[in-house]
Number of protein chains: 2
Amino acid sequence: MTLKPRRTKVEPPKFNGKRPTINDVARLARVSKKTVSRIINKSPFVKEKTREHVDAIIKELGYRPDPMAQGLASKRSFLVGLIYDQPNPQYVIDMQQGILDVIRGSGFELLVHPCRRQAPDFLQNVRAFVERQKLAGVVLPPSVSEDDALIKILQEFDCPYVRIASVPLDEPEHSIVTHDAEGAQEAAEHLAELGHTRIAHVSGPDTFRSAHERRAGFVKGLKAHKLKLERELDVKAAYTFQSGLEAGRKLMELADPPTAIFCGNDEMAAGVCQAVREAGREIGKHVSVVGFDDSPLASRLWPALTSVLLPIRLMGRMASTRLLGDSLIGEPPPEEALGEVHPKLVVRGSTGPHRI
Amino acid sequence: MTLKPRRTKVEPPKFNGKRPTINDVARLARVSKKTVSRIINKSPFVKEKTREHVDAIIKELGYRPDPMAQGLASKRSFLVGLIYDQPNPQYVIDMQQGILDVIRGSGFELLVHPCRRQAPDFLQNVRAFVERQKLAGVVLPPSVSEDDALIKILQEFDCPYVRIASVPLDEPEHSIVTHDAEGAQEAAEHLAELGHTRIAHVSGPDTFRSAHERRAGFVKGLKAHKLKLERELDVKAAYTFQSGLEAGRKLMELADPPTAIFCGNDEMAAGVCQAVREAGREIGKHVSVVGFDDSPLASRLWPALTSVLLPIRLMGRMASTRLLGDSLIGEPPPEEALGEVHPKLVVRGSTGPHRI
DNA sequence: GCTTTCCTTGACACCGGTGTCAGGACGCGC
DNA sequence: GCGCGTCCTGACACCGGTGTCAAGGAAAGC
């Protein structure tokens, strides 16, 4: 309830009781409103001296352009859209936070638009959203980033976009690549090096490209150790806890159950852990489990989950930096200017050496 | 990758290659644009026949008013703000989802605005946000809902708001009450009825009213069973996993540690569970643990966490229903029209009878 | 010195709606 | 038939910016 006392309210000098407009600035600066407009838009065709003079008045008045008016006139808003179909709350929050890290203070705002890609009106819905809001750009995490029809619509409306994908796309300037396969490969090798040979995989749904990538990287990692993914140890699930639980039960019921399980994400890994326990076996001892995402959940489980870390917040920063580019004030930190990230395995208690 | 085939694109009849405007509608309907404006704003001063005629043209053209233009002219946008300072991702996601449940399809959109209430520029920041965007309304979950200075700013800009609070406020028409104390009381009684007498509490930070309420309700529940909260069993934490872990360790180091622990939220409960395990004791057997929120985390832990359920998504629906009221199409479901919710204890494996 | 060219600025229409207010149509009482 | 109130509609200015284009002034070329 008690907070530090705040600075006394800094009342910005108001004009005639209300917000100053571009007309007020123009009048006081004795220039046309068009010149003021040029200055707030950083047009290069303004004499240095004029700019300084007007900038001073702008600061004095505390003038800030009205986004609605700008939007109406220029047919482009200052809203960034985040369109997603993601079951994982932490992913969404981190992504939002990353985008906000970048746009904060730049005059842009974040509009969130969850959707269900499977819904029959998905495209109509997104089309209406994009068309009406005249978005400054949209960030597309998986799996919407993989929807070609959606991309077409965005192009049709000249709406800039950045796709976040697990593999390089044909338009690198509009994408952030996460190389999921590398992380999965690392996970497989980690388990193989612990001596496991009967290693199972619980994969995400077909509708996610990442599910394929993670599985493929995993298989590749196994192959590097002369192992392969047995058919009965290759289970499909849905990136949800419940589906992981069911997949885990199926694996535990096998005549010769696996001693290690790599899961396509942490939610499913949590479900698998529960199934392992139900079967009376101990995580990290009888059965090693690895997740993917390194969500907070991973460290809250017991034993804590070994998982593949994806720097989602950084990805959000990268995506919005790409999107807005020069519209932003100042140079972005170098790491944000990149277009790729690499997953990293975080080893915790849920994986341990194979016991005979 | 494979999705059900979608309906073929329903191309809305466009006007001259671009979106139809109010002028197009007016011209085709042979009325003034003002009359069209009246119709889209559901003004009662329009003859039934005129309305039908114009509505037909609107539908035929697929006309939708431009939110920017409406915003500029009416000085009010169609954006709903969610201003929050919440460490719990699941809370935020659920709240967002609840709001979106209601506004979807009504032309409103959701703008997210996380902030740190402790930051020196907190008020300036929110003020700028509200002033510039001319929000249709804002939803204020705890703890920002408890900030009187913030409320004043919103009133100053005539920005409608709904506060979500753990106790009734002095403006019931602008608030959703969650009665946290009831849930905490229920948790205390549950533990007492299991035979526990040395019951600890790990509370949230002072900056959250809910932390007080939950503690107070808990104490009340104890009192009903002639128990009281010992000073050494009353630990303050910060609603985070890490702080819960530290609080749990402190409790486990006591000469006479508690046999049951009620935590102000699930994150802290997860930390406490970990501390209990570190101390070599078993959850639900040697030490019972109860959380608050019933977040997904609760059911993913092992044993699953007994927790107090708060219907956050419903709260989000209620809040936005209140906010937008008549601007929404159709009647809201009765449950959403209410202004109160009541927490409910969900018993799982983390609590069990006291053993001597 | 005069013309040409480039740079800088402003006038004005326009973006797509809403607010104000005046005026026409209509029904009613006398 | 006239006056009056009610109901409905449209003309027009306006919201606060941006796009277009032409003009003014300075610098460069002859």
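Letters A, B, ... mirror the listed sequences (proteins, then strands); counts begin at 1. Remember, predicted model here, so these are calculated numbers, not experimental data.
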[X]: which residues meet the salt bridge (charged side-chain N to carboxylate O under 4.0 Å, His left out) condition with it, sequence neighbours left out?
X         : result
Arg322(B) : none
Asp85(A)  : none
Asp55(B)  : none

| Whole angstrom value for the distance that separates P of dC8(D) from CD1 of Ile39(B) | 12 Å
| Relative orientation of the end axes in the helix from dG1(C)-dC30(D) to dC30(C)-dG1(D), expressed as an angle to the nearest 10° (five pairs per end) |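 The value is 50°.
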| said: Between Ser320(A) and Val80(A), is there a side-chain heavy-atom distance shorter than 4.5 Å? | reply: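 With C-beta onward as the side chain, the pair stays apart.
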I'd like to check the side chain to side chain contact (heavy atoms under 4.5 Å, CB included) partners of [X]; sequence neighbours left out, ordered by chain and number.
X         : value
Ala136(A) : Phe108(A)
Leu169(A) : Arg163(A), Ala165(A), Ser175(A)
Ala73(A)  : none
Asp66(A)  : Met68(A), Ala69(A), Leu72(B), Lys134(B)

| said: Taking any heavy-atom pair under 4.0 Å as a contact, classify Val36(A): base, sugar-phosphate, or nothing. | reply: nothing
| Protein proximity profile, nucleotides 10-17 of chain D - base contact B, sugar-phosphate-only contact S, no contact -, cut-off 4.0 Å on heavy atoms | BB---BBB
